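The shown structure was predicted, so the numbers you read here are calculated from the model rather than taken from an experiment.
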Amino acid sequence: MDRRIKGLILLTCLWVCHGSSSGQTSVMDDIRNELKRQQPDSTRAYLLMKLANRSEPGDSAITGYLTEALFLARKTQKKILTARIYIATGSWHFENQRYDKSAAAYQQALQTLGNDRSREATILKAQVSMNQGGQSYRLGRPNEAIDAYYRVIPQLEAIHDTFTLATAYEHLGKLFFNQLAYAKAALYFGKSIAVDGNAPRSSQGLASKYVSMAFCMLSLDSMAKAKQYLEQARIRMESVGDPLPEWGKYYYILGQLQQSKGRQQAALQSYLKGHAVARRFNDQYLTGDLLEVEALLYKEMGRYKEALNAVIQLKTLSAKVPEVPFNLNALRLLADLEFNTNNPGEAYRHLKAYIELADSQQRNKVTERMHELEAQYQSAQKERRIAQLQRDNERKGFVLKRHRLLLWLLTVAAVALLLLALLATLFYRRGRKLLVQEKRVHELELDKVNQQHSIAVLSAMLEGQEQERIRLARDLHDGMGSLLSGAKIELSVSAAPREVLVAQTMKHLDHAVDELRRIARSMMPEVLLTYGLGEATLEYCNALRKTGAPLACQVYHYKNDMSHGRQVTLYRIMQELVNNAIKHAAATQILVQLQQRGDCIFLTVEDNGKGWDTGSQEQLKGAGLSNITARAELLQARMETGSTPGVGTTVTIECPVI
């Protein structure tokens with residue numbers, strides 16, 4: 001549908017509610033009784049503001065209420081309360097179409113709040129901006145109104161004020177609806193419903209939003225969705241219980257839906273019900289819309305007498321709401337009806353009046369626009385003349401003061417430059433001294449860290465050497481010592497024949513020699529000196545495997561181009577890792593892998609033992625990894641350790657050849 005429903009969206013101020021129900025009088029009586037009691041100034045100011053808000057817009061007593069409330073609020077120096085009263089004052093002036101005074105009151109509210117960034121102040125500032133937007137719309141500047149809401153909505157979203165945000169979305173939707181942008185209007189009505197979704201089912205505000213959404217869907221010819229939203233509105237309006245003005249719009253939409261289905265009689269009954277609600281709440285805009293659709297429906301049904309009666313009522317109503325083109329519509333319908341009832345003369349007369357009125361309104365709009373532009377031009381001319389006179393006067397004063405100011409500025413500039421140069425020199429010298437001191441402190445700290453690291457590495461090396469000495473002593477004592485002691489005892493106490501005794505002693509000595517060779521190979525394998533690290537690793541693993549150790553060894557692409565000292569150190573690392581795996585891991589499989597890729601040698605020792613927690617410092621020390629780490633650092637090698645309890649351990653050494 002391409003016609004606008006004027007009764008839906010004539011924007012009013014948001015934050016002042018004037019009621020007319022029977023319960024309104026009792027509420028106002030309660031407020032007056034509270035005012036008769038002894039109350040603090042802030043409470044009295046708030047009650048007076050409420051009394052003004054609930055009075056009829058034309059009540060002359062409102063001026064006194066608001067003036068006294070403003071005096072008391074200023075006296076208490078409470079900015080939030082004072083700003084609220086300014087907003088109420090602006091809304092009252094707005095309702096009475098005193099837009100200059102309304103704008104001044106809103107500006108006073110903003111000045112009172114100042115730079116206050118509290119949640120309540122932010123909400124009040126948003127309310128003022130929306131009221132100013134409503135006033136811009138009333139004055140024929142819809143784009144300014146829309147921009148005002150676009151500025152406010154992000155602020156309300158940031159502070160999560162759902163009530164004000166839902167209202168802002170709803171009014172922005174109404175603005176777009178009045179601009180015939182129904183899709184955008186539906187978008188913001190939907191957002192308003194989503195934000196206000198936690199409101200009680202009996203909320204009148206939520207019912208109004210569903211009615212507005214149904215209007216949108218009707219305007220977009222989406223009858224199914226219009227019916228859904230209208231049903232939601234009905235449920236909520238019935239939950240409220242009290243008569244609501246939204247029922248009038250409800251019956252209008254219902255009649256449109258019924259008429260689109262060809263149910264003319266049902267649509268007429270809905271229009272008549274809506275008409276009754278509109279008259280009850282004195283909604284002249286909706287009354288005009290209903291009279292128009294009733295007249296069209298009567299005409300469609302061939303009931304020209306009733307149609308003519310509805311059009312006459314519409315023409316009478318048009319004098320009360322001149323801003324809505326009801327008179328034009330009434331004249332057009334009268335012309336159609338007179339033509340259909342075979343009164344061509346009357347039809348021509350009404351059609352002529354319709355054309356003249358349309359042309360007159362168009363000329364009036366053009367004339368108003370011309371007068372507006374002329375006034376703007378004259379105002380701009382006057383402002384330019386005044387500004388020119390002011391500039392001439394200021395120029396004369398500047399000519400008189402220029403030399404003195406120039407001399408004074410030059411003197412001040414020279415002194416300032418001198419002071420700046422002096423300060424810059426002082427700061428430069430001081431900064432240079434501080435920089436030198438910081439550099440020395442940094443160097444000392446760096447030397448200290450290097451010394452601590454060197455001490456730690458040396459301690460680890462010494463500890464490793466000590467452990468090797470202890471192992472050597474233990475091997476000599478347990479191996480060589482036991483064999484030689486056994487030979488000595490046999491020579492001392494044995495009564496065997498000389499030949500047998502010599503044979504047994506020679507056997508013990510052979511075992512001692514073998515043990516000595518084993519210890520010597522362990523300390524410095526001959527194959528390491530002769531054939532290099534690769535063969536030494538293979539021989540070491542083969543020897544351990546003969547003792548029953550579950551050991552496998554792999555050597556790939558080893559070129560033996562590393563210096564002897566580095567090979568010995570890497571060999572000791574391999575020995576320590578294998579020894580740890582055998583002693584501590586309880587592994588059933590141990591893999592030693594040595595390979596060379598270019599200028600890097602990779603040593604990997606992997607087992608499937610019990611593993612350990614790599615984050616435990618005690619286990620690191622117990623596993624002897626500190627000694628291994630120290631040797632790796634001497635080789636400038638990179639060491640990676642991975643271990644999982646119950647899975648095993650993998651240690652990889654990446655060592656450069658040189």
Side-chain angles (χ1 to χ4, degrees), residues 1-10 169-194 196-197 201 203-240 244-278 283 285-303 306-307 310 314 324 329 333 336:
M1 62 183 288
D2 57 356
R3 55 190 307 281
R4 278 195 286 181
I5 312 302
K6 298 296 186 294
L8 173 63
I9 326 244
L10 277 177
Y169 281 142
E170 181 183 11
H171 282 258
L172 185 56
K174 290 179 179 180
L175 287 173
F176 280 119
F177 187 95
N178 261 13
Q179 297 301 112
L180 305 183
Y182 301 126
K184 282 190 176 180
L187 171 66
Y188 285 103
F189 284 140
K191 287 187 175 183
S192 178
I193 292 171
D196 208 20
R201 288 172 63 89
S203 169
Q204 179 180 353
L206 193 56
S208 174
K209 293 177 178 63
Y210 276 111
V211 170
S212 299
M213 195 64 165
F215 260 116
C216 254
M217 295 298 106
L218 192 65
S219 302
L220 291 168
D221 292 330
S222 181
M223 301 301 179
K225 290 186 178 180
K227 184 177 180 181
Q228 293 175 5
Y229 286 112
L230 196 64
E231 179 64 16
Q232 293 292 332
R234 182 191 64 78
I235 293 171
R236 281 154 179 80
M237 288 190 293
E238 288 178 350
S239 300
V240 173
L244 299 176
E246 283 77 10
W247 279 110
K249 302 180 184 71
Y250 169 84
Y251 286 121
Y252 178 95
I253 302 170
L254 182 61
Q256 291 282 294
L257 293 174
Q258 291 167 337
Q259 190 173 351
S260 69
K261 297 291 186 181
R263 299 168 57 194
Q264 296 176 333
Q265 194 61 39
L268 180 60
Q269 293 301 317
S270 296
Y271 292 149
L272 293 175
K273 289 180 181 179
H275 206 149
V277 175
D283 190 342
Y285 302 103
L286 183 59
T287 299
D289 285 322
L290 286 165
L291 284 171
E292 188 175 343
V293 293
E294 287 171 19
L296 290 170
L297 182 56
Y298 280 130
K299 177 188 171 186
E300 183 181 326
M301 297 170 69
R303 297 165 60 176
E306 290 94 333
L314 180 64
V324 182
N329 297 340
L333 286 170
D336 288 343

- [ ] Indicate the atoms forming the closest heavy-atom contact of L290 with A278, along with that distance.
- [x] CD1-CB, 4.3 Å
Task: Interatomic distance, K209 atom NZ to Y169 atom OH [nearest 0.5 angstrom] - done: 12.5 Å
- [ ] Could you tell me which non-hydrogen atom of L220 sits nearest to which non-hydrogen atom of A183, and how far apart they are?
- [x] CD2-N, 4.1 Å
Open item on the list: Taking F215's backbone N and O only, do any of them form a donor-acceptor pair with S219's side chain (distance below 3.5 Å, no angle check)?
Closed with: yes
Task: Ion pair check, K227 and E231, cut-off under 4.0 Å - done: no
Open item on the list: For A185, give me all partners under side chain to side chain contact (heavy atoms under 4.5 Å, CB included), at least two apart in sequence or on another chain.
Closed with: F176, F177, F189, C216
TODO: Please round to the nearest 0.5 Å and tell me the distance separating atom CD1 of I253 and atom CE of M213.
DONE: 12.0 Å
- [ ] Applying side-chain contact (heavy atoms from CB on, under 4.5 Å), run through E306 and L268 and close with a yes or a no.
- [x] CA-CA 12 Å; E306 290 94 333; L268 180 60; over 6 Å; no
Open item on the list: To the closest 0.5 Å, what do you measure between OH (Y210) and CE (M237)?
Closed with: 12.5 Å
TODO: Scan residues 176-194 for pairs that pass salt bridge (Lys or Arg N to Asp or Glu O under 4.0 Å), counting only residues two or more places apart or in two chains.
DONE: none
Task: L297 CG to Q264 CD distance, which is reported to the nearest 0.5 Å - done: 6.0 Å
- [ ] State which residues pass salt bridge (Lys or Arg N to Asp or Glu O under 4.0 Å) with E294; sequence neighbours excluded, sorted by chain then number.
- [x] none
Open item on the list: Suppose we screen for side chain to side chain contact (heavy atoms under 4.5 Å, CB included). Which residues come up paired with R263, at least two apart in sequence or across chains?
Closed with: Q258, K261, A266
Task: Lys/Arg-Asp/Glu bridge criterion (N-O < 4.0 Å) met for K249, E246 - done: no
Open item on the list: Applying side chain to side chain donor-acceptor pair (under 3.5 Å), can you list everything that pairs with Q269, at least two apart in sequence or on another chain?
Closed with: none
TODO: Mind checking the OG-CG spacing from S260 to L218? Nearest 0.5 Å is all I need.
DONE: 8.0 Å
Open item on the list: Please enumerate all residues that pass side chain to side chain contact (heavy atoms under 4.5 Å, CB included) together with S222, with sequence neighbours excluded.
Closed with: M217, K225
TODO: For Y251 and L272, run side-chain contact (heavy atoms from CB on, under 4.5 Å): C-alpha distance rounded to whole Å, both residues' side-chain angles, the deciding distance at 0.1 Å, then the answer.
DONE: CA-CA 8 Å; Y251 286 121; L272 293 175; over 6 Å; no
Open item on the list: Quick check for you: to the nearest 0.5 Å, what is the distance between L230 atom CG and Y252 atom OH?
Closed with: 13.0 Å
TODO: Ignoring hydrogens and angles, state whether a donor on the side chain of Q256 or Y271 is under 3.5 Å from an acceptor on the partner side chain.
DONE: yes
